[in-house]
Structure formats: C-alpha cells, structure tokens
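Each ligand, and each atom within it, is numbered from 1 in the order the structure gives. All of these numbers come straight from a predicted model, not from anything done at the bench.
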Amino acid sequence: MAINRPKGTEDHLPALSPKLTLDVSAQAHGWLVEKARRVLERAGAQRIDTPLFEEADLVKRGVGGSTDIVRKEMFTVYYFGDHGGYILRPEGTAAIVRAYLQNGLKQLPAPLKLWTHGPMFRAERQQRGRLRQFHQVDYEVLGSTDALVDAEAIALMVGVVRELGLTGVRVKLGSIGDPEDRERYNTYLRELFTPQLERLSDDSKDRLTRNPMRILDSKSASDQELLAELGVKPMLDFLGEEAGAHFRAVQAYLTEWGVDYDIDPSIVRGLDYYRRTAWELHHEGVGAKSALGGGGRYDGLAQELGSKEPIPGIGWAFGVERLLLALEAEGMALPEIAGPLLYVAALDEVNVPHAARTAMRARAHARAEFAYRAMKPAAAFRDAERRGAHWVALLGTDEVAQGTLSLKNIRTGEQRSLAAADLATFLQEHA
Ligand code: AMP
C-alpha cells in the first residue's frame, strides 16, 4: 500500500506541479520568507536558528503548563535508549530566549533584534489553516521594556504585510498588564465564574483553578455564550498605572506612524509568560477565528528559564501558511515560474556532451539547462517551453564546427546566430 504523508502536514511542491496552490508552493514559501527577511533585516534584525527539538522542560516552562500546547499538543521525540525527554518545538520564542541566555548574547548591544523562520509542530486537529507541522516567521527583541520597542515590533509586522501586498489586515491591540494586575483580574474572574461552575465546559472548569483568564480564550460555544451573558469586564479595566501608561505610549507611537489598529479588550494570549502589550493580526480570508499572527511582551520568560536577572523581551510570529491563504483570498497568482534563461539542445547524439558543456559554462552567468539526448528542433522548442525557458540554443554539426550557437527566443520567436565566445556577454545582457 502506498504511504502517505502524516495527517496535518503538507508537501511544498515545485512550480508547475498539478493542482498547485499558493500555500503548498515551495516557491511561494520562499518568496514570502525572503520578503519578510528584507523588512526585518532592514530594521536591524539578525537571523538566529535553534534546533527543531528541545528539552521538554524548556517547552513546559517556556510555554506554560496550563496551555493546550503543553497539555495536549506536544510531539515527543523518542530514540533508542532515551525516555522521551525531547519535544518538537511548538513555537520559537522559548528556544530563542534559551539560546540568548546559553550563548551569552546579552553581551551584544541591547535591544537585540533577532528573527527566524522554520517549521513548528503542534498535534492539533487539522483544519484549513491549522496544521500539525506549520511554518512561522518569528521576530524577537531582547533587552528593553521601552514602549517604542513594542510599537516598532507591531509596525514591522504591518511592514511585512504591506511588503507582501496584503490589504485586508486588521491589527487588534490589547494589554494584559503586569502580573499584579492579572492577579486582580483573575480574582475578579474567579468570583464571577465560581457560582456558574456547572455551566462551564470541562476545559474551562479546569482553567478556573489553573488560570481563569484562559476561559476568555475558550473555543467552546457555550462558554462564549456564558461570557456574553455575564458581561465580563475586560482585562484593560484592570491595568495598573505603569502598564496603563506603557499601553498609551505604544498607541501614541503607532498613531504617529500611521499604523492603524483597533483596541481589542478580548485579546488574551494563550501563553503564560506574556506581559503588557499583546496583539493579533487578522484577515477575513482565513476566517474570523484564525489569526495571521500574533505577538506580545514576555518580560517574565528569561527568569522562568533560569536567568538570575530579568531579561525583558517582546516578539511576534506569523503563520506562513495563513499569510499565503490570505494572499490567495486576495487573488494573488502563483509566483511566475523562473525558467532557465538558456536551454541548450544538441541535434545529434555526438554533440550532446558539447551541449552539456555549453550549458554548464553558461551557469557562471545565468540559469542554464540542457537536453540529455539529441532532439529535433521542434521537440527541443516544446521541451524548453514546458520548462519555462527564455532562449533555446541548438547545436548541430555545423554550429560545433563553426563555434556558433543558433539561438531562438521561445517567447518572441526572434532567431539569431551567436559566436560561442560571445555567449557570456549575451547572457549578462539578457539576465
Ligand atoms: P502562536 O504561536 O500560537 O501565537 O501562533 C502564531 C501564529 O502561528 C498564529 O497566528 C497562526 O498564524 C500560526 N499558527 C499557530 N498554530 C498554527 C497551526 N496549527 N497551523 C497553522 N498555523 C498556525
């Protein structure tokens, strides 16, 4: 029986594959990451890469023991003689903070801006835009609590969206305050929900003891009904003086820079270590509940991971597949196939090695391919066209003897003869 890929994973396919869509096009993924890289590196972010698997404890402490990610969605890595102490990473932040601490990156000038891209793993139920292996572009800034850093992070996320050409994106901005503010809010929520215990979903009953704020994040329809009925006050009403001033400063910068946002009091980040600024980017094309990305400040994380001193941080992640679905919803076409500039075909078997040599030399200047067997001109043009080539060079006995190439432009039909010695100049001119 044929073996298929695991549920919730996707193959990223080459251009011209049958039934290709943006979200599974390897070229579209590469294009998107390159756009994000340019925006982030222009702002001073440096690339960092961490392993795809980490100590289970990093994920448990970093992401939070009460989150769905840790309780239900972790992929455990086993190998011979090991007891499953490793986890496929579900997100990038905890590992980047670990790498910062472990590699002494604190010595670099602060704030340090880092970015990464790669696969993340969560054993979720597969839906459109919800995969078990998905990809994120991730941006993190370590070493500053300044509201300017928060505003810049949000503006950079919007910058990536603009660079991609997406228009229908909304920024939903909130603040989850400082730990003391959250404690006050959780006390309020406990008092509000305890008399309603029977009406809460099982997950939310559990949340009520572990972390009542999570109830607001519940995916259960009956929980959401109860929330509406009780008229729950938002976290924003519980912000302390400092967190409130920080939140107002972030908004003032965004307004000054012309970055539009909506205050959304319902934003509660699913991860335990977040503080203060929290936000999400949404797009109608991927569904109301599906964020394109989100971010937040996590000043408490480094100490949670064993740092003696606090290292403030803030970061965000985009879901690459979600961005591609949004682009598809806005009607973006697949990126144009970048075919070879030159396709060399020999007309006789004896000249095939010569065609190969010509193409391989041409690669110093441009993308060049060759036919692996002799072809008639019509077959060579057809094959070159299917590969998206621009120019075809035919090599017959005459051409080889005279040191020339017979060139034809597949797209315009233009034909010309070229001295083989002039090929490099020709390619440079047409690249
Ligand atoms: P989070 O790390 O949960 O804040 O997620 C950040 C972004 O990653 C989300 O807004 C989504 O765009 C994307 N994302 C999270 N989980 C998944 C998933 N299971 N499948 C696809 N994208 C996801």
Trainee: Only counting residues at least two apart or in another chain, list the ones meeting salt bridge (Lys or Arg N to Asp or Glu O under 4.0 Å) with Glu198.
Mentor: none
Trainee: Please say whether Ala317 places an N or O atom under 3.5 Å from an N or O atom belonging to ligand 1.
Mentor: no
Trainee: Checking contacts here: is it the side chain or the backbone of Gln136 that comes within 4.0 Å of ligand 1, counting heavy atoms only? Could be both or neither.
Mentor: side chain
Trainee: Do Val320 and Gln136 have side chains that approach each other closer than 4.5 Å (heavy atoms only, starting at C-beta)?
Mentor: no
Trainee: Quick one: closest heavy-atom pair of Ala151 and Leu254, and the distance?
Mentor: O-CD2, 3.6 Å
Trainee: Heavy-atom contacts with Leu292 under 4.0 Å: which atoms of ligand 1 show up? List them by number with element.
Mentor: 10 (O), 12 (O)
Trainee: Can you sort out the partners of Asp146 under salt bridge (Lys or Arg N to Asp or Glu O under 4.0 Å), two or more places apart, ordered by chain and number?
Mentor: none
Trainee: Please state which option from Gln133, Glu91, Met120, Arg122 has its nearest heavy atom closest to atom 2 (O) of ligand 1.
Mentor: Arg122
Trainee: If we only count N/O pairs under 3.5 Å, is Phe318 in contact with ligand 1?
Mentor: no
Trainee: If the cut-off is 4.0 Å to any non-hydrogen atom of Gly293, which atoms of ligand 1 fall inside it?
Mentor: 10 (O), 12 (O)
Trainee: One residue to check: Ile69. Relative to ligand 1, which of side chain, backbone, both or neither has a non-hydrogen atom less than 4.0 Å away?
Mentor: neither
Trainee: With a cut-off of 4.0 Å, which atoms of ligand 1 are near a heavy atom of Gly129?
Mentor: 20 (N), 21 (C), 22 (N)
Trainee: Between Arg322 and His282 (side chain of the first, backbone of the second, donor and acceptor by atom type, cut-off under 3.5 Å), is there such a pair?
Mentor: no
Trainee: Please state which part of Arg322 comes within less than 4.0 Å of ligand 1, counting heavy atoms only: side chain, backbone, both or neither.
Mentor: side chain
Trainee: Identify, by atom number and element, the atoms of ligand 1 in contact range of Ala291, meaning under 4.0 Å from any of its heavy atoms.
Mentor: 9 (C), 10 (O), 11 (C), 12 (O)
Trainee: Quick check on contacts: which atoms of ligand 1 are under 4.0 angstrom from a heavy atom of Leu131?
Mentor: 18 (C), 19 (N), 20 (N), 21 (C)
Trainee: Between Tyr188 and Val232 (side chain of the first, backbone of the second, donor and acceptor by atom type, cut-off under 3.5 Å), is there such a pair?
Mentor: no
Trainee: Find out whether Ile215 and Leu226 are in side-chain contact, i.e. whether some heavy atom of one side chain is under 4.5 Å from a heavy atom of the other.
Mentor: no
Trainee: Can you check whether Arg207's main-chain N or O pairs, donor with acceptor, with Ser204's side chain at less than 3.5 Å?
Mentor: no
